[in-house]
Amino acid sequence: MKVFAWKKRKKRLKNIQVSDIILLSVTVLLAVIILIPFFQIVLSSLKTNAEYYVQPSPVFSKDPQWSRYTYVFVDLSFWRYMLNSIWLAAVGVILNVISSSFIAYGFSRFRFRGKNAVFIVMLLTMFLPAQVCSIPQFLMFNAYGWVDTYFPILVPQLFGSAASILLISQFMRGIPREMDEAARIDGANRFTVWWKIILPQSVAVLIVVAISSFLSSWKDSMGPLIYLRSEELYTIPVALMYFQAPDQNSKLMLFTGIVISMIPTLILYVCLQKWMDKGIYVAELK
């Protein structure tokens with residue numbers, strides 16, 4: 001048995017080509033380059049002021065400042081900013097996924113006059129910088145009395161996003177129309193077809209859109225900075241801006257806040273990695 005296993009392992013080693021070794025080496029090198037800033041921020045957040053500002057600065061702290069995490073998270077109420085960001089991102093994801101999938105269903109299944117022109121105009125909005133629309137949107141939302149609320153951030157999600165609509169519609173075009181026709185023969189209306197037939201078939205791409213929407217909302221600083229005035233409504237990006245004071249201790253507080261803010265996204269990636277990889281693969285095939 002051991003001889004057979006050794007021969008099988010030896011045969012597998014012979015099948016490894018030089019190109020595979022080069023590709024693996026380049027992948028490991030790129031992974032190390034990407035992870036260096038992350039570990040640098042984590043290690044810097046644990047240093048004392050003297051250790052961080054001395055030249056050359058030690059890689060590891062002799063006296064790790066774990067209490068700084070407790071101070072930032074509890075005493076500086078960072079937990080509240082994190083809950084605001086999680087709530088805002090979660091609601092935004094739900095609104096964006098539902099609205100984008102509904103609009104994509106219309107583009108992928110219905111035929112109407114001017115459909116291609118409307119679709120092209122929608123795609124052109126992807127090339128429009130968000131800063132161009134910020135002033136008109138602020139004037140409009142201010143007239144509605146929505147400033148210092150979450151409405152200016154959540155309401156635009158009701159209309160979906162061009163990138164999400166494009167991705168979902170391309171995926172839905174690959175779903176056989178015979179399924180729609182069979183459901184319609186059984187008496188299902190258009191909404192039922194979308195809800196019970198199309199959406200279950202599009203779970204993979206919807207998860208990709210949800211993750212992308214969550215990350216966009218999580219790191220968004222322009223919207224909350226423009227519309228939010230009360231400190232209890234601040235999200236993590238806005239809160240981190242107040243850690244950038246000119247004193248020495250605030251920079252290490254900023255590093256600590258950045259590390260804490262990365263924890264939910266890392267958990268999300270670990271939990272949904274399988275679905276995300278599957279969704280990207282299926283979306284590419286479509």
Side-chain angles (χ1 to χ4, degrees), residues 2-47 51-52 54-61 64 69 85 89 93 96-97 123 126-127 129-130 161-171 173-174 202-222 236-237 240 251-252 254-286:
K2 292 183 179 180
V3 176
F4 177 76
W6 167 251
K7 289 183 178 179
K8 187 176 181 180
R9 191 180 300 111
K10 188 176 181 180
K11 184 179 179 180
R12 188 182 303 169
L13 291 174
K14 288 182 179 180
N15 293 332
I16 298 178
Q17 301 179 359
V18 178
S19 59
D20 297 332
I21 299 176
I22 295 176
L23 180 61
L24 179 61
S25 302
V26 173
T27 303
V28 172
L29 179 61
L30 292 176
V32 171
I33 294 175
I34 293 174
L35 290 175
I36 283 178
F38 171 75
F39 287 112
Q40 185 177 6
I41 291 177
V42 174
L43 295 175
S44 297
S45 66
L46 296 174
K47 295 179 182 179
E51 290 174 335
Y52 180 78
V54 70
Q55 296 296 332
S57 178
V59 178
F60 300 97
S61 175
Y69 281 85
S85 294
V93 165
N96 183 44
V97 170
L123 294 181
M126 297 173 59
F127 303 95
S161 64
S164 301
I165 296 171
L166 173 63
L167 182 61
I168 298 174
S169 63
Q170 291 299 110
F171 184 90
R173 285 192 177 99
S202 309
V203 171
V205 71
L206 293 179
I207 290 178
V208 175
V209 171
I211 294 176
S212 176
S213 177
F214 182 89
L215 294 178
S216 298
S217 177
W218 187 262
K219 64 183 180 180
D220 179 32
S221 59
M222 187 177 72
I236 286 179
L240 290 177
K251 193 169 186 178
L252 299 180
L254 175 63
F255 291 157
T256 305
I258 292 174
V259 174
I260 296 175
S261 66
M262 289 190 295
I263 295 176
T265 56
L266 293 176
I267 295 176
L268 180 69
Y269 177 77
V270 171
C271 296
L272 300 179
Q273 180 183 6
K274 177 182 177 181
W275 282 99
M276 185 172 65
D277 295 340
K278 179 181 178 181
I280 294 175
Y281 175 72
V282 174
E284 289 178 352
L285 291 180
K286 296 295 182 179

If you measure from CG on Leu266 to SG on Cys271, what distance do you get to the nearest 0.5 Å? 10.5 Å

Between atom NZ of Lys219 and atom OG1 of Thr265, what is the distance when rounded to the nearest 0.5 Å? 10.5 Å

Okay, side chain of Ser169, backbone of Leu166: is any donor-acceptor separation there less than 3.5 Å? yes

Contacts table for residues 22-39: side-chain donor-acceptor under 3.5 angstrom, sequence neighbours left out:
residue, atom, partner, partner atom, Å
Ser25, OG, Ile21, O, 2.8
Thr27, OG1, Leu23, O, 2.7

Taking the side chain as every heavy atom from C-beta outward, state whether Ser161 and Asn96 have any pair of such atoms under 4.5 Å apart. yes

What's the shortest heavy-atom distance between Met222 and Ala130, and which atoms? CE-CB, 3.8 Å

Excluding sequence neighbours, so at least two apart, what forms side chain to side chain contact (heavy atoms under 4.5 Å, CB included) with Pro56? none

Can you give each donor-acceptor pair under 3.5 Å made by side-chain atoms of residues 254-261, sequence neighbours left out, with the distance rounded to 0.1 Å?
residue, atom, partner, partner atom, Å
Thr256, OG1, Leu252, O, 2.9
Ser261, OG, Gly257, O, 3.3
Ser261, OG, Ile258, O, 2.6

Which pair of non-hydrogen atoms, one from Pro58 and one from Glu51, has the smallest distance, and what is that distance? CD-O, 3.3 Å

Ile236 CD1 to Met262 CE distance, which is reported to the nearest 0.5 Å: 11.0 Å

Give me the atom names and distance for the closest heavy-atom approach of Ala89 to Ser217. CA-OG, 3.4 Å

Residue pairs meeting side chain to side chain donor-acceptor pair (under 3.5 Å), one or both in residues 34-46, sequence neighbours left out, come to Ser45-Tyr69

Set of residues satisfying side chain to side chain donor-acceptor pair (under 3.5 Å) with respect to Ser216, sequence neighbours excluded: none

Could you work out, with side chain to side chain contact (heavy atoms under 4.5 Å, CB included) as the rule, every residue matching Ser202, not counting sequence neighbours? Phe171, Met172, Ile175, Ile198, Val205, Leu206

Residue list, side chain to side chain contact (heavy atoms under 4.5 Å, CB included) with Ser57, at least two apart or on another chain: Lys47

